[in-house]
2 protein chains.
Amino acid sequence: MTNRPRIHRMTKQRQMILEVLQNTKAHPTADWIYEQVRQAVPRISLGTVYRNLRVLKEMGDIQELNYGSTYSRFDGNPAPHYHFVCQDCGKVMDIDLPLLTDYDEQVAGTVGGQVDFHRMEFYGNCSDCLT
Amino acid sequence: MTNRPRIHRMTKQRQMILEVLQNTKAHPTADWIYEQVRQAVPRISLGTVYRNLRVLKEMGDIQELNYGSTYSRFDGNPAPHYHFVCQDCGKVMDIDLPLLTDYDEQVAGTVGGQVDFHRMEFYGNCSDCLT
DNA sequence: GTACGTGCAAATATTTTGCAGCAGT
DNA sequence: ACTGCTGCAAAATATTTGCACGTAC
């Protein structure tokens with residue numbers, strides 16, 4: 001019994017959440033997204049935001065990040081890329097450097113499994129927090 | 001007013017938590033550690049486990065990992081190394097490959113900040129979950 | 001003896017979910 | 001019309017914290 005593929009509808013809420021995420025470089029939290037979308041869709045609920053973030057992630061339109069926090073951040077750019085996290089202010093920035101794709105094969109060899117993708121995060125202090 | 005450095009005591013609880021963590025390759029959760037330590041120190045509380053994990057992390061004896069989960073995992077090996085995460089069974093394994101330390105400088109250049117360290121996680125299926 | 005650590009329980013913080021009505025296709 | 005989606009509120013999950021007592025140094 002293979003289950004019929006789920007059909008996704010493009011609601012006003014889902015549309016807005018995706019737009020907000022695609023128009024910021026801030027890698028925001030669910031709550032920040034909620035506050036933004038609320039300005040256009042006042043009666044939206046936080047539960048709806050979470051549900052849509054999960055669906056958008058499953059559809060491959062966004063990605064979820066959780067770097068050393070108790071909460072998740074979301075990225076409107078689904079293409080693999082690395083991140084820099086400032087340990088002082090918590091800011092997350094995109095890193096514009098080529099991916100180390102060759103490493104995946106080596107890792108697959110040492111663990112004896114299959115590697116689909118990898119992630120890399122750099123930690124330190126951003127220029128604003130160096131003084 | 002610089003505040004006097006905090007002096008850490010080695011209690012039976014802290015000792016046991018560190019030992020449990022150093023004697024497993026499982027990258028366990030706080031709750032798993034709690035259950036293990038409970039066998040030696042029955043009246044220990046989960047709060048104490050969390051408090052000690054934070055202290056041990058601050059002292060640089062262990063590290064905290066949170067890879068796409070709602071909970072943290074802990075690693076008794078404080079030396080930097082990469083991890084492989086099985087997307088099927090959730091297992092976390094150590095990767096025994098050289099660190100890409102040269103990359104830190106390049107990233108520092110592109111973000112205009114200072115890079116202290118980086119992390120890298122590989123995602124895929126472990127040999128047990130390939131069938 | 002001092003002050004850090006502990007157990008306990010309650011509080012916080014983040015995310016998920018049941019349900020009845022709404023709405024995209 | 002069918003079935004996915006929403007708002008609301010309550011529940012679930014993971015972690016933190018206040019307090020009075022205990023204990024390492």
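Only this structure's heavy atoms are used, side chains among them; waters, hydrogens and symmetry mates stay out.
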- Task: Would you indicate, yes or no, if C/dT15 has its OP1 or OP2 atom less than 4.0 angstrom from a side-chain nitrogen or oxygen of A/R51?
- Result: no
Open item on the list: Is there a side-chain contact between A/N52 and the phosphate of D/dT6, meaning an N or O under 4.0 Å from OP1 or OP2?
Closed with: yes
From the candidates D/dT15, C/dT15, D/dC25, the one with an atom nearest any side-chain atom of B/L46 is D/dT15
Quick one: is B/R6 getting a side-chain N or O under 4.0 Å of the C/dA3 phosphate, OP1 or OP2? no
### Task
Tell me what A/T29 touches on the nucleic acid: a base, only sugar-phosphate, or nothing, going by heavy atoms under 4.0 Å.
nothing
Around atom CG of A/D96, are there more than 12 heavy atoms from other residues, nucleotides or ligands closer than 6.0 Å? no
Open item on the list: With a 4.0 Å cutoff (strictly under), does any side-chain N or O of A/T48 reach OP1 or OP2 of D/dC5?
Closed with: no
Other residues, nucleotides, ligands: >12 heavy atoms within 6.0 Å of B/F117 CZ: yes
A/H27 and A/H83 aromatic ring geometry - parallel, tilted or perpendicular at 30°/60° bounds: perpendicular
Practice prompt. Establish, with yes or no, whether the OP1 or OP2 oxygen of C/dA23 is under 4.0 angstrom from a side-chain nitrogen or oxygen of A/R14.
Written response: no
A/Q15 CD to C/dA23 P, in whole Å, measures 17 Å
Rounded to whole Å, OH of B/Y50 lies from C1' of C/dT12 at a distance of 13 Å
task = Decide, yes or no, whether a salt bridge links A/K57 with A/E64 under the criterion of side-chain N to carboxylate O below 4.0 Å.
result = yes
